[in-house]
Number of protein chains: 2
Amino acid sequence: MKNSQVTIKDIAKELGISSSTVSRALKNHPNVSPETKKAVTDLAEKYNYQPNSIALSLRRSKSNTIGVIIPEIVHFFFSTVISGIEDIAYSAGYSVIVSQSNESYDREVIDTFALSKNRVDGILISMSRETTKYDHFETIHKRGLPIVFFDRVCDAINCSKVVVDDFDGAYQVTRHLIQQGFKRIAHLAGPENLILSKHRMDGYKKALKEHSLEFDESIIIRGRAADNETLAKQLTTQLLNSANPPDAMFAINDRAALGVMKAVKEKGLKIPQDFAIAGFSNWEFTAMTDPAITTVDQPGFKMGQEAAKLLIREIEAEKDEVIEPEIKILKTDLIIRGSSVAV
Amino acid sequence: MKNSQVTIKDIAKELGISSSTVSRALKNHPNVSPETKKAVTDLAEKYNYQPNSIALSLRRSKSNTIGVIIPEIVHFFFSTVISGIEDIAYSAGYSVIVSQSNESYDREVIDTFALSKNRVDGILISMSRETTKYDHFETIHKRGLPIVFFDRVCDAINCSKVVVDDFDGAYQVTRHLIQQGFKRIAHLAGPENLILSKHRMDGYKKALKEHSLEFDESIIIRGRAADNETLAKQLTTQLLNSANPPDAMFAINDRAALGVMKAVKEKGLKIPQDFAIAGFSNWEFTAMTDPAITTVDQPGFKMGQEAAKLLIREIEAEKDEVIEPEIKILKTDLIIRGSSVAV
DNA sequence: ACCGTCACCGCAAACGTTTGCGGAATATCA
DNA sequence: TGATATTCCGCAAACGTTTGCGGTGACGGT
């Protein structure tokens, strides 16, 4: 149990010089004689000196840590984003501390202030599904703490954001379904308070319009089905049993698409011959179902990278330097699989 | 940009008292008059005083942060474990900083020392697949930094560990296959340097022996197929085309099981009538395939919780107190699904 | 008038590091 | 020899907090 690490003071004492000199010697400051430098570095190496990062943080009033708040960690997309964040953060010398809101507004507020109290240098956030008030963001942002939103962004705060081109992704996947010959394409929509739901809906509408298909509210599934596979299945079954059922479905995300698929299979329809399905996000499992699900790939890793870059840029800006908020829109990638086209 | 947070000194200055008194007033120390206390707490509230956790860390030489090293974040099981770790850590007042080794030994070493340099109070580790040398663990452990291993544990280090009862899980799932009437059960084994591979193999063997089935090396798939779906599929196809093919497969994990499933489907065999499949870990997607895959649930969340508890217990032990390393073995849960039994 | 007790508060050191400033010793020059 | 420049180093403050110890003043008891 050699408890304490060796410090600058220890080295100074052993060499009979002051800590200032040791500090300077270690960073190769010109005002230190070569002999002293050598003595210091030798001893530092011998004792395996590691600068105390906490003392450094206090001195510089900078923790070199960034906080991340996401709805959930156990989630293919978000964990991919974290991976991207860490990639950039680590190579820039930052640690990453992650906390999850579990899609709860209250928890998100707690997490936000906890990170602020922990003196992180900046925060990356993807909002919870419940969040409709933004005071907690406002508060810490006004305090001068850099914030960057990603994916589930907040329009009310004037800061940098990274999103995926939801509109275009939805447009492309819907167009694909139309090009495959499907005529009556339903849409399972997302929660109304997330902008991405609106964007995807708009992309869907644009594709319909462009191909002279009319938008029909009766084949739109709204509400909480987006993240509830069972509900998605139920509502799809209902739709399939209706008078004028759809022949394809674009679901707002892959989990919902899976619910749709189960409903369609249960009904005895063949995929994609009788009914085509497309999701959104390219979650891992979409390649594993039978048939595999057509979807839209969101560059999660890249999103994490970009968000981290924007944040660090802001953190490391000079005091008087004014950083204009930047909105990064990442292109999506249409992944065509068996659920929408015969292989 | 109100840059600086208010400090104890600021409050002290404004009230014309010393920082010591403010500090004591804030923690309700008896040696402070009620009036002073009130004045201090009022002002603290007014300015929304937040203790500077970095200064605290320096003072107490304790960062209240724990480090986690896992092979990858984008992984259902490991992200579940993290979730469990955070659950315990946050309620005990610790932050969690996560880093991933990406299954690389070199990266694991770097991460280990980076965490140590960042002055975490303890480390939770699940080893990379590559790791066969343990000097980096040894070094920091000798330095007195508490370590707890989980899942992929290291026998060479004498510290607390949390594992799943791999032996029993494998035994149960194999027995289940036997009870369903399958006679020639193959096994896709894991990397040899991970103890869990051996344990699962042993559980498999025990079930065979108990039912008087002989162990046949020719239907064991070894090598790198465990985390390579494509390879798993190839080798399974090879096995299916052999002279005396198996009628069931217990795969060391779910990803491999999926490869097996694809091979079996491609061969035109019916699952489970002609061929049964079982995996291990209960990854999310196993419930989503068609048919759903029988597997063994590993309590990832609970594992995270237990590991965090053990670590924090060690961190918060008194200096002279001797903490005996503890090995926690968590029970698994057999999840029977369509791939091994007709519904 | 002296002493002891008590309640309340401040001083200063400590955690480990950085850095502006000044000072001592040596070297350079007139 | 005396003045000045150069080289190297230490002092002390600062980051924000905690805490042992000592100090002050009021009060009651003898």
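Chain identifiers are assigned alphabetically (A, B, ...) following the order of the sequence lines, protein sequences preceding nucleic acid strands; residue numbering begins at 1 within each chain.
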Sugar-phosphate only, base, or nothing, as touched by A:Thr36 at under 4.0 Å among non-hydrogen atoms: sugar-phosphate
Can you give me every donor-acceptor pair (side chain of residues 85-92 of chain A, partner residue at least two apart or in another chain, under 3.5 Å) with its distance?
{"unit_1": "A:Asp87", "atom_1": "OD2", "unit_2": "A:Gln305", "atom_2": "NE2", "d": "2.8"}
{"unit_1": "A:Tyr90", "atom_1": "OH", "unit_2": "B:Val98", "atom_2": "O", "d": "3.3"}
{"unit_1": "A:Ser91", "atom_1": "OG", "unit_2": "A:Asp87", "atom_2": "O", "d": "2.9"}
{"unit_1": "A:Ser91", "atom_1": "OG", "unit_2": "A:Ile88", "atom_2": "O", "d": "3.1"}

Sugar-phosphate, base or nothing in reach of B:Ile54, heavy atoms under 4.0 Å: nothing
Results of side-chain hydrogen bond (donor to acceptor under 3.5 Å, both in side chains) for B:Ser23 - residues two or more places apart only: none
Heavy-atom closest pair, residues B:Lys46 and B:Glu14: NZ-OE2, 4.5 Å
Between the first and last five pairs of the helix from C:dA1-D:dT30 to C:dA30-D:dT1, the angle of the axes, rounded to 10 degrees: 80°
Pairing residues for A:Phe301 by the ring-ring contact (aromatic ring centres under 6.0 Å, His included) criterion, not counting sequence neighbours: none
For B:Phe77, ring-ring contact (aromatic ring centres under 6.0 Å, His included) partners two or more places apart: none
Atom pairs, protein N/O to nucleotides 17-21 of chain D N/O, distance under 3.5 Å:
{"unit_1": "D:dT17", "atom_1": "OP1", "unit_2": "B:Tyr49", "atom_2": "OH", "d": "2.6"}
{"unit_1": "D:dT17", "atom_1": "OP1", "unit_2": "B:Asn52", "atom_2": "N", "d": "3.2"}
{"unit_1": "D:dT17", "atom_1": "OP2", "unit_2": "B:Ile8", "atom_2": "N", "d": "2.6"}
{"unit_1": "D:dT18", "atom_1": "OP1", "unit_2": "B:Lys27", "atom_2": "NZ", "d": "3.2"}
{"unit_1": "D:dT18", "atom_1": "OP2", "unit_2": "B:Ser23", "atom_2": "OG", "d": "2.8"}
{"unit_1": "D:dT18", "atom_1": "O4'", "unit_2": "B:Arg59", "atom_2": "NH1", "d": "2.9"}
{"unit_1": "D:dT18", "atom_1": "N1", "unit_2": "B:Arg59", "atom_2": "NH1", "d": "3.3"}
{"unit_1": "D:dT18", "atom_1": "O2", "unit_2": "B:Arg59", "atom_2": "NH1", "d": "2.5"}
{"unit_1": "D:dT18", "atom_1": "O2", "unit_2": "B:Arg59", "atom_2": "NH2", "d": "3.3"}
{"unit_1": "D:dT19", "atom_1": "O4", "unit_2": "B:Ser20", "atom_2": "OG", "d": "3.3"}
{"unit_1": "D:dG20", "atom_1": "O6", "unit_2": "B:Arg24", "atom_2": "NH1", "d": "3.4"}
{"unit_1": "D:dG20", "atom_1": "O6", "unit_2": "B:Arg24", "atom_2": "NH2", "d": "3.3"}

Any pair counted as ring pair (Phe, Tyr, Trp, His ring centres under 6.0 Å), so long as it reaches residues 18-74 of chain B, sequence neighbours left out: none
ring-ring contact (aromatic ring centres under 6.0 Å, His included) partners of B:His136, counting only residues at least two apart: B:Tyr105
Rounded distance (Å) that lies between atom C1' of D:dG16 and atom NZ of A:Lys117: 15 Å
B:Thr132: side-chain hydrogen bond (donor to acceptor under 3.5 Å, both in side chains) partners, not counting sequence neighbours: none
